[in-house]
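Here's the structure, in structure tokens; my notes come after.
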Amino acid sequence: MNAETTLAILGASGDLAGRLLLPALGELLMEERDRTVHLIGAGSTAMDDGAWRQRVTDTFSSVGAEDALDRVTLGPFLVIDASKAEGIRTIVDAASEGPLVLYFALPPAVTASACAAIDPSDLPAGTMLALEKPFGTDERSARELNDTLRRLVPESQIFRVDHFLGRSTVLNVIGSRTANRIFEPIWSHRDIESISIRYDESLGLEGRAGYYDGAGALVDMIQSHLLQVLAIVAMEPPATLDEIDLRDATAAVLRATHIWKDDPAASSRRARYTAGTVGERRMPSYVDEPGVDASRGTETLAEIVCEVRTARWAGVPITLRSGKALGDPAREIVVRIKPVRHVPTGLTGDAPGTVLRFSLGPDRLAVELNVNGGADPFALHRAVLEADLGLGAQRAYAEVLAGILDTDPTLAVRGDAAEQCWRIIAPVQEAWRRGDVPLEEYPAGSTGPDGWPA
Ligand SMILES: O=C1O[C@H](COP(=O)(O)O)[C@@H](O)[C@H](O)[C@H]1O
């Protein structure tokens with residue numbers, strides 16, 4: 001664990017800092033009682049020190065982390081212009097001894113111009129840069145952003161934050177698939193029929209039109225989080241879980257990932273929600289949400305099918321799907337194993353393939369398999385073995401934040417991987433732009449458009 005780190009949050013008065021980052025810091029400090037942090041807020045509009053203190057206190061209280069406040073040395077809230085080199089200088093001057101983290105909790109375009117404005121000689125040795133997704137807007141801009149960042153600090157000090165990499169269930173895939181002799185030898189096209197990674201949400205836009213309407217489900221969830229999950233599920237088992245081995249393995253599998261049959265029109269679907277009811281909640285049509293520009297045709301549900309073109313995986317469809325305002329939302333990684341080739345004559349009933357279901361909230365692992373017994377002792381039935389894995393989604397951010405404060409980028413997205421994720425989805429974006437894939441509709445609260453399997 002690093003000695004007292006200065007965590008400077010740019011955009012400290014914004015939504016991301018209040019909703020995710022500060023609560024995650026509170027949770028982390030509650031769990032790791034030896035850890036202390038010097039916290040600096042920065043933003044473009046003034047906040048007096050009392051209001052800044054109150055914001056930190058309130059967010060810590062909201063996650064039951066009041067006791068952690070005494071491990072935060074609260075620095076000032078600095079009013080800066082992040083697009084000028086002086087902005088960062090002001091922060092550096094206010095930082096204490098010890099490592100400095102500049103956490104850009106800002107819209108991506110603002111982060112990119114803030115990073116471009118930094119004079120590298122202003123950064124103390126060891127400075128870490130943490131950025132929120134999306135990293136660029138396409139492969140080229142991601143490469144440019146990476147060049148900008150690497151001009152400032154080495155790759156090992158750049159943290160492209162993806163909180164899905166801190167989710168306990170995503171990390172649990174590594175142990176489940178590599179540390180069990182029943183799964184490790186079958187983890188390939190020989191035994192696995194298909195994989196599906198799905199993250200459906202009942203939440204709608206929640207006032208985020210400014211960002212989401214320009215992103216849509218494909219970029220917001222698939223380009224970023226779900227491709228990272230795919231990389232963990234499909235990577236070659238690394239020799240170690242250190243930052244080099246793990247990130248080499250995930251980057252290699254992303255390099256081999258392509259849209260199924262190179263046919264984005266047949267291998268992708270998109271849709272957006274119309275008015276409906278999710279649980280008790282009445283939701284307007286996506287296009288009637290405040291701030292939405294209907295002419296953009298933004299999708300709120302996206303699905304793509306990929307293939308990892310390696311000896312291990314070629315021929316296995318891997319479906320990634322995510323959407324908003326869905327009823328009965330499934331959030332899971334489903335690995336379908338092929339059925340056995342022959343069941344002894346005398347056993348009755350179907351013997352579908354075994355299914356592993358890693359559920360991403362609540363965090364559970366379920367193995368669905370065939371057993372026989374009951375009134376007819378030779379009748380096959382489905383049985384489910386379940387295990388609770390859970391620490392929950394909020395802990396995911398804390399896990400990623402711990403890595404940043406400890407200068408350990410293992411759970412951060414490496415620059416080349418971020419570029420690959422844009423490369424993978426580019427053919428789908430082009431096909432959608434050309435109008436090759438219709439934008440379907442589904443009522444909020446349903447499980448998606450008619451004809452899409454639930
Ligand atoms: O990054 C994002 O993730 C959330 C889903 O993750 P969760 O851990 O909050 O469930 C998604 O709602 C949001 O649109 C996306 O930007």
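Indexing begins at 1, ligand by ligand and atom by atom, following the structure's order.
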Task: Note, V229 side chain near L360 side chain (heavy atom, < 4.5 Å) - done: no

Sub-4.0 Å heavy-atom contact, [X] with ligand 1:
{"X": "F164", "answer": "yes"}
{"X": "Y199", "answer": "yes"}
{"X": "E206", "answer": "no"}

- [ ] With heavy atoms under 4.0 Å as the rule, classify the contact between E132 and ligand 1 as side chain, backbone, both or neither.
- [x] neither

Open item on the list: Could you tell me, atom by atom, which parts of ligand 1 come under 4.0 Å of a heavy atom of R331?
Closed with: 10 (O)

TODO: For K324, take its heavy atoms, then give the atoms of ligand 1 lying under 4.0 Å from any of them.
DONE: 11 (C), 12 (O), 13 (C), 14 (O)

If you measure from the Lys or Arg side-chain nitrogens to the Asp or Glu carboxylate oxygens, is any gap between [X] and [Y] under 4.0 Å?
{"X": "E307", "Y": "K261", "value": "no"}
{"X": "E193", "Y": "R336", "value": "no"}
{"X": "R312", "Y": "E236", "value": "yes"}
{"X": "R357", "Y": "E332", "value": "yes"}
{"X": "R434", "Y": "D436", "value": "yes"}

Task: Test of proximity, Y212 against ligand 1: N or O pairs below 3.5 Å - done: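 Y212 vs ligand 1: no N/O contact under 3.5 Å.
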
Task: Close N or O approach (Y211, ligand 1; < 3.5 Å) - done: no

TODO: Out of L20, D220, L360, indicate the one that has the non-hydrogen atom closest to atom 14 (O) of ligand 1.
DONE: D220

TODO: Going by heavy-atom distance to atom 8 (O) of ligand 1, choose the closest among R208, R19, H163, E201.
DONE: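 Nearest option to atom 8 (O) of ligand 1, by heavy atoms: H163.
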
Open item on the list: Is it the case that the side chains of T73 and E4 hold a donor-acceptor pair, with the cut-off being a distance below 3.5 Å and no angle test?
Closed with: yes

